[in-house]
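Down below is the structure, laid out as structure tokens.
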Amino acid sequence: MPAIINNIADALHLQSQTRAFDSKVTVIFVLGGPGAGKGTQCARLVEDFGFCHLSAGDLLRAEQHREGSEYGQLIQTCIKEGSIVPMEVTVKLLENAMKVALQEQRSGDGWTDGQGRFLIDGFPRKLDQAEKFEHDVGKATAVLFFSTTEEVMLERLLERGKTSGREDDNVESIKKRFNTYKEQSMPVIENYEKLGKVIEIDSSFSIEKVHQQTKSAVANLLS
Ligand code: C5P
Ligand code: MG
């Protein structure tokens, strides 16, 4: 949806009435190519700021293996092919996981009086996911964008593939994932760029160095 319409709708509270979560819930999307370091950095931010970290890919893999899931086969095929799972599935999984986290009534910064803070990792990977989430679930406060080169990402993924057991950490799947990233996920980042919501961090460096930069950016955001 064009930004201008979004803002007008916001002002009139037309859209917010239909969202599952209100402005007490802080949502930060975490994007970047496969192997950019999203999951690693999210784990650090959980320690720093008490976020609930939800990885869309992890939720999809859990659903794939859940007994009785009607989406198991579909998810497996999409993951292997590096293509995007139909957005309804992923958005629903995220919404459910957010509900569970809020019902836990956690304590600590960002979790009192119905508040909550979430890192939504590896999502939205496609424009339709972004639109559906922001319409049905909640508004994104910001997008953390971990950027690095394909060479760096390839090396990390192949290293991870030695132990991850993931069906998509192999050269063939990785190439497809890079393509999907360029064709479908970059437009999402560009879209949020136009809205002034993107914080870009060069994740080519060590985990520690990237963490320091990320931590100060997020501290700014939450202050
Ligand atoms: O983020 P991660 O690399 O774990 O995602 C693995 C796969 O899960 C993606 O390549 C894609 O097939 C699927 N996925 C998706 N939509 C998302 C996140 C992941 O379809 N938002
Ligand atoms: Mg990940």
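Numbers here simply count residues along the sequence, with the first being 1. Start at 1 and go down the list; that is how both ligands and their atoms are numbered. The shown structure was predicted, so the numbers you read here are calculated from the model rather than taken from an experiment.
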Item to check | Numbered atoms of ligand 1 (with element) below 4.0 Å of R61, judged on heavy atoms | outcome: 4 (O), 6 (C)

Checklist entry - Is it the side chain, the backbone, both or neither of R166 that has a heavy atom closer than 4.0 Å to ligand 1? => result side chain

Item to check | Step-by-step side-chain hydrogen bond (donor to acceptor under 3.5 Å, both in side chains) determination, S147 to D202 | outcome: CA-CA 5 Å; S147 65; D202 184 346; 5.0 Å; no

Checklist entry - Does any N or O in the side chain of R19 come within less than 3.5 Å of the main-chain N or O of E134, such that one atom is a donor and the other an acceptor? => result yes

Next on the checklist: Does ligand 1 come near enough to T90 that some N or O of the ligand is less than 3.5 Å from an N or O of the residue?
Outcome noted: no

Next on the checklist: Show the nearest heavy-atom pair for residues R156 and F205, with the distance to one decimal.
Outcome noted: NH2-O, 3.6 Å

Checklist outcome for this item: heavy-atom search around atom 9 (C) of ligand 1 in the protein gives R125 NH2, 3.6 Å

Checklist entry - Relative to ligand 1, is E81 under 4.0 angstrom through side chain, backbone, both or neither, heavy atoms considered? => result neither

Checklist entry - Does a side-chain N-to-carboxylate-O contact under 4.0 Å join R66 and E63? => result yes

Checklist entry - Are the ring centres of W111 and F49 closer than 6.0 Å? => result no

Checklist entry - Hey, looking at atom 14 (N) of ligand 1, which of V85, I120, L94, L60 has the closest heavy atom? => result L60

Checklist entry - Is K38 touching ligand 1 with its side chain, its backbone, both, or neither, if touching means heavy atoms under 4.0 Å apart? => result neither

Item to check | Main-chain N/O of P86 paired to Q129 side chain as donor or acceptor, under 3.5 Å | outcome: no

Item to check | Polar side-chain atom of S173 near backbone of K80 as donor-acceptor pair, under 3.5 Å | outcome: yes

Next on the checklist: Out of all atoms in ligand 1, which are within 4.0 Å of some heavy atom of Q129? Include the element for each.
Outcome noted: 16 (N), 17 (C), 21 (N)

Checklist entry - Which ligand 1 atoms, with their elements, are less than 4.0 angstrom from a heavy-atom of I79? => result 7 (C), 8 (O), 12 (O)

Checklist outcome for this item: Out of G122, A36, S83, the nearest non-hydrogen contact to atom 11 (C) of ligand 1 is supplied by S83

Checklist entry - Under 4.0 Å from any heavy atom of G57, which atoms of ligand 1 are there? => result 4 (O), 5 (O)

Item to check | Cationic N near anionic O, under 4.0 Å, K162 to E159 | outcome: yes

Checklist outcome for this item: Any heavy atom of I84 under 4.0 Å from ligand 1? The part involved is both

Checklist entry - Using a heavy-atom cut-off of under 4.0 Å, does the side chain or the backbone of R177 touch ligand 1, or both, or neither? => result side chain

Next on the checklist: Could you check whether atom CD of E193 has more than 12 heavy atoms from other residues, nucleotides or ligands sitting under 6.0 Å from it?
Outcome noted: yes

Next on the checklist: Which of the numbered atoms in ligand 1 are under 4.0 angstrom from any heavy atom belonging to C78?
Outcome noted: 12 (O)

